Amino acid sequence: MANAFKDQVLAGKTAFVAGASSGINLGIAQHFARAGAKVALISRSHEKITAAAQTITDEGYEAIGMAADVRDFNSVDQAMAKAHEMFGKFDIVLSGAAGNFVAPALGMSSNGFKTVVDIDLIGTFNVLRASFQYLNRPGASLISITAPQAVNPSVFQAHVCAAKAGINMLTKCLAMEWGPAGVRVNAISPGPIADTEGMARLAPTPEMEKAIKSRIAMRDYGTKTDIADTALFLSTDNAKYITGTIVDCDGGSKLGDAGADALGEFA
Ligand code: NAP
Ligand code: COA
């Protein structure tokens, strides 16, 4: 994939990216565009998503940004209809909208818990479900963004753990149901990624960041490009026999504590 941009591996393809006004998902949308795809972006904020699309058109690629809330199936469907009208059928759909805050279960209301489940899990169902009629089948690739919390129980993350665990299972169920139509369904589980809202919320101090890095096998945060490269791979025919998988791109962080205490003299 080293020459993915030069070779324009997504030339002639269309990608729809949900939750793309910032961070990891915007990085993925930019990557898709540089590899030749036309990209349609959605998020809640008209101002933010228009500016995000502008970063892509400023580079000379085709993009449109539209306000749509993934919690609202009809708003997603309307944005998809418009994207379909402009750019044709979708070859790639990426569902990455999410919300997170750090709070103990006793410190969140029913609505607080529901809000994150609605954005992450119901939102992912809405995006993938709504997209089906617009897909270029066979050959379409659907990718969701999950998180290590899906399989690692974490304090103060009950809402995110429950929602992302649901995404992992949804990925596998849809892969089974839609495989016969030639649609692949996978998810990427990023580890801690530098310069993102997610890590700003989970590890807001330099001390916390240092402590997290010291326990990761690769001893560093990942980059948005690491995740975008993974999404690009899953979007190409190089991955044409991969479906129903959760791809960890996390520097080994989900393996467990690889810190100096654990490694002892082998650190
Ligand atoms: P981010 O920049 O805050 O991205 C979240 C995006 O979702 C924003 O573009 C936001 O845009 C959009 N969004 C939120 N609610 C929405 C809704 N109801 N409808 C439509 N769009 C909505 O955060 P990030 O850290 O890059 O995270 C991106 C993804 O990676 C998430 O799925 C997250 O769980 C996952 N992840 C991140 C990390 C990490 O280290 N950062 C690690 C593991 C997994 P608007 O505000 O404009 O709506
Ligand atoms: N602790 C406890 N509860 C919280 C909270 C916190 N830190 N932040 C929000 N909530 C609760 C609110 O109190 C509210 O519940 P209530 O009605 O019972 O009071 C509920 O969550 C919804 O809050 P609201 O601000 O109305 O939701 P929203 O839909 O406007 O925003 C969030 C969604 C809360 C997830 C917001 O943080 C967001 O927009 N996040 C997107 C960016 C992001 O999280 N990026 C990282 C992705 S990993």
Side-chain angles (χ1 to χ4, degrees), residues 16-30 41-53 55 65-73 75-76 79 94-124 126-127 130 143-152 154 156-161 163-168 187-204 208-209 212-213 216 220-228 230-231 246-251 253-254:
F16 186 95
V17 184
S21 67
S22 54
I24 290 171
N25 306 320
L26 175 56
I28 292 170
Q30 291 166 334
L41 280 49
I42 62 163
S43 84
R44 291 168 301 181
S45 157
H46 175 75
E47 198 183 338
K48 281 168 64 182
I49 202 66
T50 307
T55 67
M66 293 166 286
D69 191 322
V70 296
R71 293 171 284 194
D72 174 357
F73 183 89
S75 97
V76 173
L94 187 124
S95 174
N100 194 359
F101 52 80
V102 176
L106 293 176
M108 70 179 80
S109 65
S110 172
N111 190 46
F113 185 88
K114 180 178 182 297
T115 297
V116 169
V117 172
D118 276 351
I119 301 172
D120 293 29
L121 178 56
I122 309 293
T124 295
N126 287 342
V127 168
I143 304 164
S144 298
I145 304 297
T146 181
Q149 289 96 320
V151 291
N152 293 343
S154 309
F156 309 147
Q157 289 282 278
H159 48 348
V160 175
C161 290
K164 294 291 194 182
I167 290 177
N168 284 20
I188 299 171
S189 181
I193 302 302
D195 304 320
T196 60
E197 182 61 27
M199 288 317 293
R201 289 177 184 223
L202 289 173
M208 290 169 88
E209 184 175 324
I212 290 173
K213 287 179 180 171
I216 300 174
D220 204 355
Y221 281 1
T223 66
K224 286 173 246 185
T225 305
D226 291 325
I227 306 305
T230 308
I246 313 299
V247 180
D248 294 319
C249 181
D250 66 356
S253 57
K254 195 152 64 62

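Remember, it's 1-based here, ligands and their atoms both numbered in the order they're listed. Remember, predicted model here, so these are calculated numbers, not experimental data.
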Practice task
Check whether the side chains of D118 and T115 place a donor and an acceptor atom closer than 3.5 Å, and report yes or no.
Solution key: no

Fill in the blank from the handout: In this structure, atom 47 (C) of ligand 2 is nearest to the protein heavy atom A98 O, 3.9 Å

Problem - Shortest non-hydrogen contact between A130 and V76, atoms and distance - result: CB-CG1, 4.1 Å

Handout entry: Option with minimal heavy-atom separation from atom 14 (C) of ligand 1, where the choices are G99, A98, C249
Key = A98

Exercise for the section: Please report which non-hydrogen protein atom sits nearest to atom 45 (N) of ligand 2, along with the residue it belongs to and the distance in Å to one decimal place. Expected result: E197 CG, 3.5 Å

Practice task
Considering the heavy atoms of A103, write down every atom of ligand 2 situated less than 4.0 Å from one of them.
Solution key: 1 (N), 2 (C)

Handout entry: Protein contact for atom 13 (O) of ligand 2 (heavy atom, distance under 4.0 Å)
Key = no

Problem - Test of proximity, R201 against ligand 2: N or O pairs below 3.5 Å - result: yes

Problem - Top protein contact for atom 3 (N) of ligand 2, by heavy-atom distance - result: F101 CE1, 3.5 Å

Fill in the blank from the handout: Across all chains, not counting sequence neighbours, the side-chain contact (heavy atoms from CB on, under 4.5 Å) partners of N100 are Q149, Q157, H159, V160, L202

Problem - Top protein contact for atom 22 (C) of ligand 1, by heavy-atom distance - result: A97 CB, 3.6 Å

Handout entry: Shortest protein contact, atom 34 (O) of ligand 1 (heavy atom only)
Key = K164 NZ, 2.9 Å

Exercise for the section: Could you pull out, from S189, G19, A68, the option with a heavy atom nearest to atom 20 (C) of ligand 1? Expected result: A68

Practice task
Using modelled atom types only, decide if a donor and an acceptor are shared between the side chain of D120 and the backbone of A163 within a distance under 3.5 Å.
Solution key: no

Practice task
Would you check the N or O atoms of P148, main chain and side chain alike, for any that come under 3.5 Å of an N or O of ligand 1?
Solution key: no

Practice task
Closest by any non-hydrogen atom to atom 28 (C) of ligand 1: pick that one out of N25, I227, D118.
Solution key: N25

Handout entry: Nearest heavy-atom neighbours spanning A228 and G27
Key = CB-O, 3.8 Å

Fill in the blank from the handout: shortest atom 33 (C) of ligand 2-to-protein heavy-atom contact is with T115 CG2, 3.8 Å

Practice task
Just need the protein heavy atom nearest to atom 38 (C) of ligand 1, so name the residue and atom and give the distance.
Solution key: I24 CD1, 3.8 Å

Practice task
Report the part of I119 in contact with ligand 1, treating N, CA, C, O as backbone and CB onward as side chain, heavy atoms under 4.0 Å; options are side chain, backbone, both, neither.
Solution key: side chain

Handout entry: Heavy-atom nearest neighbour in the protein, as seen from atom 23 (O) of ligand 1, with distance rounded to 0.1 Å
Key = E197 CB, 3.9 Å

Practice task
For atom 17 (C) of ligand 1, grab the closest protein heavy atom and report residue, atom and distance to one decimal in Å.
Solution key: R44 CG, 3.4 Å

Handout entry: Check: A147 main-chain N/O paired with K254 side-chain donor or acceptor under 3.5 Å
Key = no

Completion exercise
Separation between CG (L26) and OG1 (T196), nearest 0.5 Å, reads 12.5 Å

Exercise for the section: Identify the protein heavy atom lying closest to atom 35 (C) of ligand 2, giving its residue, its atom name and the separation to 0.1 Å. Expected result: G99 CA, 3.7 Å

Problem - Residues T146 and N168: side-chain donor-acceptor under 3.5 angstrom - result: yes

Problem - From S144, A163, A150, S22 - option closest to atom 2 (O) of ligand 1 by heavy atom - result: S22

Exercise for the section: From the options S75, A67, G96, select the one whose nearest heavy atom is closest to atom 32 (O) of ligand 1. Expected result: G96

Exercise for the section: Please state which part of P192 comes within less than 4.0 Å of ligand 1, counting heavy atoms only: side chain, backbone, both or neither. Expected result: backbone

Practice task
For atom 16 (P) of ligand 2, grab the closest protein heavy atom and report residue, atom and distance to one decimal in Å.
Solution key: S109 OG, 3.5 Å

Completion exercise
Heavy atoms of D72 and N126 approach each other most closely as N-ND2, 4.1 Å

Handout entry: Carboxylate-amine/guanidinium contact D220 K213, below 4.0 Å
Key = yes

Practice task
Just let me know how K224 lines up against ligand 1, side chain, backbone, both or neither, with a heavy-atom cut-off below 4.0 Å.
Solution key: neither

Exercise for the section: Give the contacting part of D120 toward ligand 1: side chain, backbone, both or neither, where contact means a heavy-atom distance below 4.0 Å. Expected result: neither

Practice task
Working to the nearest 0.5 Å, report the span between CZ of F16 and OG of S95.
Solution key: 9.5 Å

Practice task
Indicate, as side chain, backbone, both or neither, the part of R71 found under 4.0 angstrom from ligand 2 when only non-hydrogen atoms are considered.
Solution key: side chain

Completion exercise
The protein heavy atom nearest to atom 30 (O) of ligand 2 is R44 NH1, 4.3 Å

Completion exercise
Out of V160, N100, I145, I119, the nearest non-hydrogen contact to atom 44 (O) of ligand 2 is supplied by N100

Completion exercise
If you compare S21, G198, A18 by their heavy atoms, the one closest to atom 9 (O) of ligand 1 turns out to be S21

Problem - Taking atom 39 (C) of ligand 1 as the reference point, the nearest protein heavy atom with its distance - result: T196 OG1, 3.7 Å

Practice task
Kindly indicate whether atom 25 (O) of ligand 2 is approached by any protein heavy atom to under 4.0 angstrom.
Solution key: no

Exercise for the section: Just need the protein heavy atom nearest to atom 18 (N) of ligand 1, so name the residue and atom and give the distance. Expected result: D69 OD1, 2.8 Å

Problem - atom 42 (C) of ligand 1 - nearest protein heavy atom and its distance - result: G191 O, 3.3 Å

Practice task
Among all protein heavy atoms, pick the one closest to atom 11 (C) of ligand 2 and tell me residue, atom and distance.
Solution key: G112 CA, 3.8 Å

